[in-house]
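Shown next, in structure tokens, is the structure this report addresses.
Convention: sequence-line order gives letters A, B, ...; per-chain numbering from 1.
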There are 2 protein chains.
Amino acid sequence: MDSLTSGQLRTACSTCTLNELCWQHGLTPIDLEQLHGLVRHAENLPIGSHLFQVGDKFTAVYAVRTGCVKSYTTDASGEEQVHGFHMTGDLLGFDAIYPEQHRCNAAIVQTCSVCVLPYQELMNLAVRLPSLQTSLMHLMSREFSINLLFPDGAPAEQRMSAFLLDLSRRQERQGRPPYELDLAMSRQEIASYLGFTVETASRLLTKMQKEGLIKVKRRLIYLMDMEALTQIARHASSNGPTKH
Amino acid sequence: MDSLTSGQLRTACSTCTLNELCWQHGLTPIDLEQLHGLVRHAENLPIGSHLFQVGDKFTAVYAVRTGCVKSYTTDASGEEQVHGFHMTGDLLGFDAIYPEQHRCNAAIVQTCSVCVLPYQELMNLAVRLPSLQTSLMHLMSREFSINLLFPDGAPAEQRMSAFLLDLSRRQERQGRPPYELDLAMSRQEIASYLGFTVETASRLLTKMQKEGLIKVKRRLIYLMDMEALTQIARHASSNGPTKH
DNA sequence: CGTTAGTTTGACGGCACTCAAAAGTTGTGG
DNA sequence: CCACAACTTTTGAGTGCCGTCAAACTAACG
């Protein structure tokens, strides 16, 4: 199950955003063979299982192919704090390179298959392939930009809108309709990620439904007015009809 | 002013946390020579000037030697949002590697001197020096861990405590007393960074002074009870003496 | 000494948290 | 297929923290 032929892997990887790493760098067929030779695949990882946990030795980075992974920590009072959701094409684990120990947990939120890239082997290969090295830097760099999305003190509705639109964009990148979201994560996890409570998350969604912005059906969410959602996500003030 | 002799540079770099990059990798003297050959220095950068701004082409990463730099963006309503403060030994600019364009501004908050590391030259050198490549990955990785410090929905006093202790730790790393802070940034900038308003920041500091946690003298802040501060910074609940 | 920017303090209101309970959903065994 | 338990989600009532608006106060600088 772990080793596939090069041909199979090519097919497997073609749907993956990671393919920047695999294909877009003028690597020779022999180089590609080597790169794919070190990638391991893990499939049908069950909900609740972990890719890694706090304190685990760092050995590999992970690329999500299908499903959804959350990275989180637990604070002193035992509360879970979600730091990010990682879906198709996203990478995980870069934060642990330096101390060679993971500093957060990565748990499956929706049944997953991932590519496992053993870090040391990857680096060994990168030494011989400058274009691979460049690619790795690009992919790491991309992970930095994510945190610019959610201003800290922003009102809840703004953050929720930004969140929904972010999911929408990610879906669209994979050729799926941008206005129809099937949330992989619970309200609790959304709330934790956005920095408020479950109740607030729930109230917010029903409120936004009443306003005609979205339609909520359990974990299905339809974005009815992406224009307005974008306005709310951007605009710090003037977010609602102010009584003058 | 830009080019110094190798001997001068060694002296200059010896106080810099970046010296992991420069010295701790068994590079041969010749390698070191080459590495230092591409580093440029900029000194006495005045307050308010920029290392780079949104949209600037990405050409280099920066290492702060002295002073303080803030990275920030401005949102749709023109409000400034501070994303981080970078002081001695910190690196800046990694977020821009991929799109090759800076996505935030970097402004001097306190008179600065920095090392400028031209990215392309650095990568070219890294191709020949595997240990330098490793080092670069380490340094980038370190930048990721920073965001784990400030949980989003945490109460203001908790975040402020965490902030002060973070500054304290950084000072200590450089052999300066950990309990005596000379803030480089304004209240406004602190507030923006922590996600609340100037007024709240100000009120908070005076409140914490009354509680005996700190002593405030303008931009001088003495940490009087680091034990208690640590408690507050960690603990989500039970932060104050609860009436039972 | 006057002007200006930064900081502090006060009063008031609203958004989001807490506590609490109902309603809906999923899984398990009878 | 139903009943029951465990969990998730929703809704409600009350409170408190923090934001907004406004003004006084304090350096710093020309």
Nearest-Å distance for atom pair [atom1]/[atom2], residues [X] and [N]:
X	N	atom1	atom2	value
B/Lys207	D/dG16	NZ	P	14 Å
A/Met185	D/dT8	CE	P	15 Å
A/Leu205	D/dT10	CG	P	7 Å
A/Arg187	C/dA23	CZ	P	19 Å
A/Ile47	D/dC7	CD1	P	16 Å
B/Gln158	D/dC17	CD	C1'	14 Å
B/Leu194	D/dC17	CG	C1'	16 Å
B/Ile190	C/dG6	CD1	C1'	12 Å

Just report the end-to-end axis angle for the helix from C/dC1-D/dG30 to C/dG30-D/dC1, five pairs per end, to 10 degrees.
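Taking five pairs per end, the axes differ by 40°.
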CG/A/Leu91 to CZ/A/Arg142 distance, rounded to the nearest 0.5 angstrom?
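Separation between the atoms: 6.0 Å.
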Nearest 0.5 Å please: distance from the OG atom of A/Ser71 over to the CZ atom of A/Phe52.
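Spacing of OG (A/Ser71) from CZ (A/Phe52) equals 7.0 Å.
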Output a table of donor-acceptor pairs, distance under 3.5 Å, between side-chain atoms of residues 187-209 of chain B and any protein atom two or more places apart or on a different chain; print 'none' if there are none.
from     : atom 1 : to       : atom 2 : distance (Å)
B/Arg187 : NH2    : B/Arg218 : O      : 3.0
B/Glu189 : OE1    : B/Ser186 : N      : 2.9
B/Glu189 : OE1    : B/Ser186 : OG     : 3.4
B/Glu189 : OE2    : B/Lys70  : NZ     : 2.8
B/Ser192 : OG     : B/Glu80  : O      : 3.2
B/Ser192 : OG     : B/Val82  : N      : 2.8
B/Thr197 : OG1    : B/Thr200 : N      : 3.4
B/Thr197 : OG1    : B/Thr200 : OG1    : 3.0
B/Thr206 : OG1    : B/Arg203 : O      : 2.8
B/Lys207 : NZ     : B/Glu157 : OE1    : 2.9

[X]: side chain to side chain donor-acceptor pair (under 3.5 Å) partners, not counting sequence neighbours:
X	result
B/Thr111	none
B/Tyr62	none
B/His102	none
A/Ser113	A/Thr66

List the residues meeting side chain to side chain contact (heavy atoms under 4.5 Å, CB included) with [X], not counting sequence neighbours, and say none if there are none.
X	value
B/Gln53	B/His50, B/Asp56, B/Asn105
A/Pro99	A/Arg103
B/Tyr222	B/Glu180, B/Lys215, B/Leu220, B/Met224

Shortest side-chain distance from A/Ser202, nucleotide among C/dT9, D/dC18, D/dT11
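My answer, after comparing the listed nucleotides, is D/dT11.
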When you get a sec, tell me which of D/dT9, C/dT7, C/dA16 is the closest nucleotide to the side chain of A/Ser186?
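Shortest atom-to-atom distance from the side chain points to D/dT9.
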Using a strict heavy-atom distance below 4.0 Å, which residues from residues 215-224 of chain A are in contact with DNA chain C?
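Within this stretch, A/Arg218 sit under 4.0 Å of the strand.
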Set of residues satisfying salt bridge (charged side-chain N to carboxylate O under 4.0 Å, His left out) with respect to B/Asp166, sequence neighbours excluded:
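Testing B/Asp166 for salt bridge (charged side-chain N to carboxylate O under 4.0 Å, His left out), a comparison that skips the adjacent residues, returns B/Arg169, B/Arg170.
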All N/O contacts under 3.5 Å from nucleotides 19-26 of chain D to the protein, with atom names and distances to one decimal?
from   : atom 1 : to       : atom 2 : distance (Å)
D/dG19 : OP2    : B/Thr197 : N      : 3.4
D/dG19 : OP2    : B/Thr197 : OG1    : 3.0
D/dG19 : OP2    : B/Thr200 : OG1    : 2.3
D/dT20 : O4     : B/Arg203 : NH2    : 3.1
D/dC21 : N4     : B/Glu199 : OE2    : 3.1

